[in-house]
Amino acid sequence: MEHEDPRNGESNHRNSKKPKISSKFISESYIRDEFSHHQPRVARINNGSFGSCPGSVLAAQRQWQLQYLRQPDDFYFNTLRNRITASRKIIKDLINADHVDEVSLVDNATTAAAIVLQQIGRSFAEGKFQKNDTVLMLHCAFQAVKKSIQAYVTRAGGSITEVRLPFPVNSEEEIISEFKKSIEKGKSNGRKIRLAIIDHITSMPSVVIPVKELVRICRAEGVEQVFVDAAHAIGSVKVDVKEVGADFYVSNLHKWFFCPPSVAFLYCKKSNLSSDMHHPVVSHEYGNGLPIESAWIGTRDYSSQLVVSAVLEFVNRFEGGIEGIMKRNHEEVVKMGKMLAESWGTNLGSPPEMCAGMIMVGLPSRLCLNSEEDALRLRSHLRDCYEVEVPIFYQAVKDGEEAVRDKDGFITGYARISHQVYNTLQDYEKFRDAINRLVEDGKTCKMLLIE
């Protein structure tokens with residue numbers, strides 16, 4: 001029997017016990033201390049964009065950085081790979097993967113998308129796929145993913161089939177119906193769907209997608225490969241890659257899992273396909289498997305990949321651990337969303353069961369938010385004048401579609417609010433009052449341009 005390569009995380013020592021949750025739970029004052037580096041007075045209700053990292057984890061990261069700087073050669077030869085492997089083992093258990101060599105650590109979901117899509121692009125370029133065979137994606141896929149498809153797939157002769165999802169959305173069935181229609185379109189004229197890219201939680205607008213059902217449909221319809229872009233998932237919803245059933249699954253660890261930026265895991269289900277996956281930055285580990293390639297892409301700061309155990313220590317200070325945090329964040333963001341919608345006389349963008357730690361809340365129509373530029377203008381104004389940080393989404397009213405109205409007109413703007421452990425009621429009240437003040441003063445988005 002051949003010896004297994006320890007660089008890939010295989011050894012005779014297999015301790016996969018989950019860490020015990022502390023009986024002494026974290027206090028509110030301790031939480032404030034952990035996030036005391038946040039800018040004071042800012043209502044930071046946008047955890048979804050950049051995440052947040054507690055002070056204890058930042059301290060652990062600093063120790064790894066100093067250890068490297070003290071003796072880089074020793075750190076490289078004797079510490080780095082082993083510690084990255086240790087982090088991968090923790091993630092492997094958290095996501096219920098079968099093997100640690102199915103888990104790679106990369107910078108972010110954008111890097112993971114490039115890894116998956118360059119493999120698809122090579123197959124088009126090498127003639128393994130027919131010209132105009134297609135990649136299926138949701139129309140609201142993250143912009144970086146769309147650009148990766150453009151860079152790797154369409155340039156090599158592939159086509160794109162978009163799934164137009166409804167928003168506001170009322171049920172999972174609406175999403176499933178549109179997905180089935182798009183699969184039928186993608187397979188028209190004898191084409192094959194070579195890859196389906198499915199968000200677990202869409203970014204803007206934010207909705208939890210029935211990902212397991214969509215993957216099941218892909219399998220039944222002969223879709224060759226499935227990649228789940230779950231940038232917002234781990235720490236926000238339950239992640240079980242075997243239940244999901246996709247070939248590839250990525251989630252950022254720095255958004256909802258409290259790691260410092262930036263780090264993500266990429267799960268590649270063990271198969272003949274996974275052996276052809278390569279990191280887009282080619283270093284001397286090229287050809288040794290994606291986990292090993294990703295563990296060394298040249299001299300850089302790898303410390304964010306080494307603090308996963310410190311994150312577990314932090315989350316296990318909370319009642320219920322990470323599951324308890326997810327449950328409370330969901331309950332609180334729904335509660336805050338309903339409070340805002342009631343104050344403004346508007347609506348939520350989805351039912352509570354289709355959101356996680358983020359929810360979309362309709363903005364008053366009197367703000368006259370009529371373009372992407374208006375959305376950015378309002379967001380900047382809230383930051384600069386009210387110390388509120390929140391993303392704003394523009395939803396155009398399309399001819400022939402039934403649009404949502406408040407008492408004054410069509411609702412064309414939505415705020416994506418997040419809830420994380422550091423948030424308080426005052427953060428959302430500050431946002432509520434800022435919008436009410438703008439409406440009471442008769443301010444529209446266009447008027448904010450000249451202030």
Side-chain angles (χ1 to χ4, degrees), residues 18-38 42-57 90 94-95 200-203 206-209 230-240 251-260 308 310-343 348-361 388-391 415-432:
K18 292 184 178 180
K20 293 181 180 179
I21 296 174
S22 171
S23 58
K24 184 180 180 181
F25 299 129
I26 195 168
S27 66
E28 291 297 327
S29 62
Y30 191 96
I31 294 173
R32 288 195 297 272
D33 287 344
E34 283 278 13
F35 296 96
S36 60
H37 54 281
H38 286 187
V42 173
R44 183 169 162 161
I45 51 178
N46 182 29
N47 191 82
S49 285
F50 298 104
S52 52
C53 184
S56 58
V57 177
I90 294 172
L94 285 172
I95 67 174
H200 198 152
I201 303 172
T202 55
S203 178
S206 179
V207 177
V208 176
I209 301 298
H232 292 274
I234 192 165
S236 182
V237 293
K238 177 188 174 184
V239 175
D240 185 322
S251 191
N252 290 317
L253 298 169
H254 58 261
K255 282 188 181 288
W256 294 93
F257 196 68
F258 299 106
C259 279
V308 176
V311 170
L312 280 188
E313 289 180 16
F314 172 74
V315 300
N316 285 325
R317 293 290 311 280
F318 290 79
E319 184 176 1
I322 192 63
E323 291 84 3
I325 291 172
M326 292 189 299
K327 181 176 183 292
R328 286 187 292 275
N329 281 339
H330 169 73
E331 291 172 350
E332 287 300 313
V333 85
V334 170
K335 182 179 176 182
M336 295 301 100
K338 288 180 176 178
M339 180 269 288
L340 294 174
E342 181 178 352
S343 175
L348 299 179
S350 68
E353 62 270 19
M354 294 183 72
C355 77
M358 302 183 290
I359 198 166
M360 306 297 293
V361 186
V388 173
E389 190 60 64
V390 64
R416 187 191 76 185
I417 64 169
S418 300
H419 190 279
Q420 189 49 284
V421 296
Y422 54 81
N423 284 122
T424 65
L425 173 62
Q426 288 72 33
D427 293 330
Y428 305 92
E429 290 177 335
K430 192 171 189 177
F431 180 33
R432 176 198 65 193

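- Closest non-hydrogen pair, I201 versus S206, comes out as CG2-OG, 3.8 Å.
- Separation of atoms NE2 (H419) and OG1 (T424) is listed at 8.0 Å; rounding is to 0.5 Å.
- Taking CD1 of I45 as the start and CE of M358 as the end, the distance is 13.0 Å to the nearest 0.5 Å.
- E353 pairs by the side-chain contact (heavy atoms from CB on, under 4.5 Å) definition with P351, not counting sequence neighbours.
- Residues H38 and S52 meet the side-chain proximity criterion, which asks for heavy atoms closer than 4.5 Å.
- Note that CG of N47 and CD of E389 are 12.0 Å apart. Values are rounded to the nearest 0.5 Å.
- Heavy atoms of other residues, nucleotides or ligands lying less than 6.0 angstrom from NZ of K335 number 12 at most.
- Considering all non-hydrogen atoms of both residues, V57 and F258 come closest at CG1-O, 4.0 Å.
- A distance of 11.0 Å separates CD in E319 from CD1 in I325, rounded to the nearest 0.5 Å.
- Of all non-hydrogen atoms in N423 and R44, the two that sit nearest each other are ND2-O, 2.9 Å.
- More than 12 heavy atoms of other residues, nucleotides or ligands lie within 6.0 Å of CD in Q426, so this atom counts as buried by the packing criterion.
- Separation of atoms OG1 (T202) and CD1 (I209) is listed at 5.0 Å; rounding is to 0.5 Å.
- Taking all atoms of both residues into account, the shortest heavy-atom contact from V311 to C259 is CG2-SG, 3.7 Å.
- Side chains of D427 and Y422: no donor on one and acceptor on the other come within 3.5 Å.
- K255 places no side-chain N or O within 3.5 Å of a backbone atom of G51 that could act as its donor or acceptor partner.
- Residues F35 and Q420 have side chains not in contact (no heavy-atom distance under 4.5 Å, counting atoms from C-beta outward).
- Using bins of under 30°, 30° to 60° and over 60° for the plane-to-plane angle, the ring pair F314/F318 lands in the perpendicular bin.
- Note that CG of L340 is 9.0 Å distant from OH of Y428, once rounded to the nearest 0.5 Å.
- Remark: E34 pairs with no residue by the salt bridge (charged side-chain N to carboxylate O under 4.0 Å, His left out) rule, at least two apart or across chains.
- When atom types are taken as modelled, the side chain of S350 and the backbone of V207 share no donor-acceptor pair closer than 3.5 angstrom.
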_CA sep, side-chain torsions, deciding dist, call: L348, V361, side-chain contact (heavy atoms from CB on, under 4.5 Å)_ = CA-CA 5 Å; L348 299 179; V361 186; 4.1 Å; yes
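- Between the H37 side chain and the C53 main chain, a donor and an acceptor come within less than 3.5 Å of each other.
- In terms of heavy atoms, H254 sits closest to P260 at CB-O, 3.7 Å.
- The nearest pair of heavy atoms linking L94 to F257 is CD1-CZ, 3.6 Å.
- Taking the charged nitrogens against the carboxylate oxygens, K327 and E331 do have a contact shorter than 4.0 Å, which makes a salt bridge.
- The only member of D240, I90, I234 that meets side-chain contact (heavy atoms from CB on, under 4.5 Å) when paired with I95 is I234.
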*asked:* Under the criterion side-chain contact (heavy atoms from CB on, under 4.5 Å), I'd like the reasoning laid out for S418 against W256: C-alpha separation, chi angles, the key distance, then a yes or no.
replied: CA-CA 10 Å; S418 300; W256 294 93; 3.8 Å; yes
*Verdict with supporting geometry, N46 and R416, side-chain contact (heavy atoms from CB on, under 4.5 Å)*: CA-CA 8 Å; N46 182 29; R416 187 191 76 185; 3.1 Å; yes
